[in-house]
Colleague: 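Structure in structure tokens, see below.
Counting starts at 1 for both ligands and their atoms, in listed order.
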Amino acid sequence: MEMHSSIIFCMFFLPWLSMVGAKVPAMIAFGDSSVDAGNNNYIATVARSNFQPYGRDFVGGKPTGRFSNGRIATDFLSQAFGIKPYVPPYLDPNHNISHFATGVSFASAATGYDNATSDVLSVIPLWKQLEYYKGYQKKLSVYLGESRANETVAKALHIISLGTNDFLENYFAIPGRASQYTPREYQNFLAGIAENFIYKLYGLGARKISLGGLPPMGCLPLERTTNFVGGNECVSNYNNIALEFNDNLSKLTTKLKKDLPGIRLVFSNPYDILLQIIKRPAQYGFQVTSMACCATGMFEMGYACSRASSFSCIDASRYVFWDSFHPTEKTNGIIAKYLVKNALAQFLH
Ligand SMILES: *[C@@H]1O[C@H](CO)[C@@H](O)[C@H](O)[C@H]1NC(C)=O
Ligand SMILES: *[C@@H]1O[C@H](CO)[C@@H](O)[C@H](O)[C@H]1NC(C)=O
Ligand SMILES: *[C@@H]1O[C@H](CO)[C@@H](O)[C@H](O)[C@H]1NC(C)=O
Ligand SMILES: *[C@@H]1O[C@H](CO)[C@@H](O)[C@H](O)[C@H]1NC(C)=O
């Protein structure tokens with residue numbers, strides 16, 4: 001009888017207790033499509049991907065709202081930290097606090113640091129993601145009790161990943177910001193928002209934070225396709241801005257570590273690894289880098305990718321990019337592994 005009940009105790013309570021005692025009990029994501037697991041399915045926007053062929057290599061071939069053929073970086077990161085293999089979206093009514101206690105994404109595809117970026121396609125601005133996070137903390141306190149909830153928040157890894165859309169969907173795409181700011185001034189404006197956001201997370205009890213850098217955004221297939229003068233090569237102006245902005249974020253990280261006692265903040269930079277994959281695809285098992293798998297591989301993403309999906313490639317694992325703006329699951333996995341090794345490993349111990 002005694003043995004029996006202790007087995008039951010182990011089976012039902014140990015996994016939960018061990019998560020609370022874990023180094024990183026939860027993975028919490030803020031940002032854009034790089035970490036949106038499907039929040040945009042529940043808001044009125046065209047920035048969606050909850051239809052075929054998205055998710056065709058996800059478990060069950062299910063389109064979830066992730067902008068990929070399968071998992072995204074946060075899913076791989078969560079698994080690498082011994083949590084679960086998928087980080088669910090906060091707005092999904094099929095999930096509740098018992099699932100979110102070990103990980104949740106507040107991210108929204110097509111958003112940016114700048115409120116004007118989230119306005120372009122009516123997606124969830126960063127400040128609203130933080131409001132959702134406050135609501136989440138209240139639910140977590142009810143679910144775990146206040147002291148365990150506080151401990152979970154302090155130990156959870158908070159992932160911030162956005163910025164590409166501020167430049168490609170907003171600054172360089174529509175009038176407005178470009179008449180107010182030079183590119184460099186705009187970078188400073190965005191870095192200021194990032195700083196403020198980290199201050200607020202810290203104020204809410206977060207201590208482990210990963211600030212994500214920009215990818216070589218001039219090499220996204222959409223930008224290459226439209227680089228008519230540059231012969232479909234990577235757009236060097238966009239890559240240079242990504243490098244400069246990453247330098248800003250890296251310096252910001254150093255500064256905030258001085259300003260905020262007890263913070264464990266890292267700059268997670270995907271730039272070098274993604275550029276390396278694009279330049280030497282064969283080394284990573286890829287064959288195609290300049291075009292995407294979905295549809296013609298030149299322009300399509302979202303609904304356009306779906307409509308023209310009969311043209312899509314057969315084997316996405318040969319491609320670095322899934323649609324004209326987003327990496328394949330295989331690329332996401334390589335980037336996540338690189339980030340764990342080069343930036344996030346300190347949180348494993
Ligand atoms: C969460 O949902 C599961 C079903 O998926 C249910 O069994 C559980 O009671 C719910 N928990 C809470 C705290 O609402
Ligand atoms: C973005 O909008 C929110 C809500 O209106 C506001 O509180 C915040 O100050 C705005 N951010 C910037 C940088 O203007
Ligand atoms: C939990 O954190 C909140 C906010 O920092 C604080 O006010 C509260 O006292 C903490 N509660 C416990 C039980 O540690
Ligand atoms: C961002 O980088 C640019 C170019 O390197 C620099 O001029 C600017 O001062 C930096 N801004 C911040 C906030 O670090």
Colleague: I'd like to check whether Ser147 has a polar contact with ligand 3, where a contact means an N/O of the residue lying under 3.5 Å from an N/O of the ligand.
Modeller: no

Colleague: For atom 7 (O) of ligand 4, what's the nearest protein heavy atom and its distance?
Modeller: Arg184 CD, 3.4 Å

Colleague: List every atom of ligand 1 that sits less than 4.0 Å from any heavy atom of His99, numbering the atoms from 1 in the order shown and giving each element.
Modeller: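 Counting atoms of ligand 1 from 1, those under 4.0 Å from His99 are 2 (O), 5 (O).
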
Colleague: Can you tell me the protein heavy atom closest to atom 13 (C) of ligand 4 and the distance?
Modeller: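 The protein heavy atom lying closest is Asn188 OD1, 3.4 Å.
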
Colleague: Check side chain to side chain donor-acceptor pair (under 3.5 Å) between Tyr132 and all other residues, then give those that pass, not counting sequence neighbours.
Modeller: none

Colleague: Salt-bridge test for Lys84 and Asp75: reply yes if a basic N is under 4.0 Å from a carboxylate O, no otherwise.
Modeller: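 No, no charged N to carboxylate O under 4.0 Å.
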
Colleague: Which one of Arg148, Glu151, Glu146 has a non-hydrogen atom at the shortest distance from atom 9 (O) of ligand 3?
Modeller: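 It is Glu146 that holds the nearest heavy atom.
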
Colleague: Taking both backbone and side-chain atoms of Asp247, is any N or O found less than 3.5 Å from an N or O belonging to ligand 4?
Modeller: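 No - when backbone and side-chain N and O of Asp247 are compared with those of ligand 4, no distance drops under 3.5 Å.
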
Colleague: Using the side-chain contact (heavy atoms from CB on, under 4.5 Å) rule, pick out the option among Thr182, Leu249, Asn248 that qualifies with Gln187.
Modeller: Asn248

Colleague: Side chains of Tyr133 and Gln129: do they bring a donor and an acceptor to under 3.5 Å?
Modeller: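 No, no side-chain donor-acceptor pair sits under 3.5 Å.
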
Colleague: Are any of the protein's heavy atoms under 4.0 angstrom from atom 4 (C) of ligand 1, yes or no?
Modeller: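 No, there is none.
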
Colleague: Taking only heavy atoms of Asn96, which atoms of ligand 1 are found under 4.0 Å from at least one of them?
Modeller: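 Per the distance check, 1 (C), 2 (O), 3 (C), 8 (C), 10 (C), 11 (N), 12 (C), 14 (O).
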
Colleague: Looking only at protein heavy atoms, which one is nearest to atom 12 (C) of ligand 3, and what is the separation?
Modeller: Asn150 ND2, 3.3 Å

Colleague: Is it the case that Arg66 places NZ or CZ above or below the six-membered ring of Tyr54, under 6.0 angstrom from the centre and within 45 degrees of the axis?
Modeller: no

Colleague: I want to know if ligand 4 touches Asn248 in the polar sense, i.e. an N/O pair below 3.5 angstrom.
Modeller: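 Looking only at distances, the answer is yes, because the N/O contact criterion of under 3.5 Å is met.
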
Colleague: Taking Met298 as the starting point, is it possible to reach Val320 by hopping between hydrophobic residues whose side chains are less than 4.5 Å apart?
Modeller: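 As far as the 4.5 Å side-chain criterion goes, Met298 and Val320 are connected within one cluster.
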
Colleague: Would you confirm whether the ring centroid of Tyr90 sits within less than 6.0 angstrom of the ring centroid of His95?
Modeller: no

